[in-house]
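Excluded from the calculations below are hydrogen atoms, water molecules and symmetry mates; all remaining heavy atoms, backbone and side chain alike, are included.
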Amino acid sequence: MGGELNNPATYNLQKLRNLQDALKKQNPALVTEITVSFQTGSGPRTETYYGVPLWELINNPKAGGGLKPGNSGVNSKNSFLRQYVLVDATDCYGAVVAIGEIQPNFEGKTVLVAFAKKGNDGKVVPLTDEGFARLVVPGDKAGGRYVTNVRNIVILSASPSPLKPKYF
């Protein structure tokens with residue numbers, strides 16, 4: 001995990017589990033379990049995932065330590081709204097989540113970096129068929145941003161527009 005972060009870090013399955021435990025101790029109300037339904041190429045799917053909220057992974061002092069100021073362009077007001085999270089998989093598949101989607105004072109969506117799911121028998125099992133971590137984006141109708149086999153999580157900023165200002 002890197003990019004525009006105060007504390008870039010490397011995670012493995014055990015570090016994610018430990019972080020989830022530490023965050024739950026810090027805030028028992030923190031959502032670390034999400035049941036989602038989404039469309040896949042082989043039909044609809046409903047799963048319950050367990051993991052660390054992406055916002056906490058980025059901002060909690062025990063994890064990413066917060067966003068560094070990004071490229072604000074000409075106007076620095078709410079500059080974090082120009083920032084986004086690029087999640088890459090081991091097969092080079094990737095997806096983007098805007099910081100405004102997960103920032104609690106804006107959309108506040110609980111996007112999860114999951115490391116386990118509920119199995120068919122109801123027990124919590126590791127994501128062995130999906131790599132050790134998977135991005136879970138509740139509310140998406142299709143599972144396109146449900147990146148499996150997460151390799152990199154990078155925070156970046158959109159560059160300023162190359163177009164000259166125009167008025168409507």
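Arg134 and Arg45 make their closest contact through NH1-NH2, 3.5 Å (heavy atoms, listed as atom of the first residue, atom of the second, distance). Nearest heavy-atom pair across Gly2 and Pro8 is CA-CB, 4.1 Å. Contact between Leu13 and Phe115 at its shortest, heavy atoms only, is CD1-CB, 3.5 Å. Listed here is the closest heavy atom pair of Ala133 and Val113: CB-CG1, 4.2 Å. Across every non-hydrogen atom of Val147 and Asp88, the tightest pair is CG1-C, 4.3 Å. What you find for Ala63 and Leu19 is that their closest heavy atoms are CB-CD2, 3.8 Å.
Two residues are said to be in side-chain contact when any heavy atoms from C-beta on lie closer than 4.5 Å; Tyr49 and Val36 meet this criterion. At least one side-chain heavy atom of Gln83 sits under 4.5 Å from a side-chain heavy atom of Ile155. Annotation: side chain of Gln26 is in contact with side chain of Lys62 (closest heavy-atom distance under 4.5 Å). By the 4.5 Å heavy-atom criterion applied to side chains, Lys141 and Phe38 are not counted as neighbours. Residues Val52 and Lys24 have side chains not in contact (no heavy-atom distance under 4.5 Å, counting atoms from C-beta outward).
The ring of Phe106 has its center closer than 6.0 angstrom to the ring center of Phe80.
Rounded to the nearest 0.5 angstrom, Leu135 CG and Leu54 CG are separated by 6.5 Å. Atom CG in Leu16 sits 9.0 Å away from atom CG in Asn18 (nearest 0.5 Å).
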Subject >> Pair Ser157-Glu4, side chain to side chain donor-acceptor pair (under 3.5 Å): steps then yes or no >> reply: CA-CA 8 Å; Ser157 288; Glu4 297 168 359; 2.7 Å; yes

Subject >> Working for side chain to side chain donor-acceptor pair (under 3.5 Å), residues Gln103 and Asn59 >> reply: CA-CA 10 Å; Gln103 210 276 359; Asn59 281 287; over 6 Å; no

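For Glu101 and Arg145, the salt-bridge test passes: some basic side-chain N is under 4.0 Å from an acidic carboxylate O.
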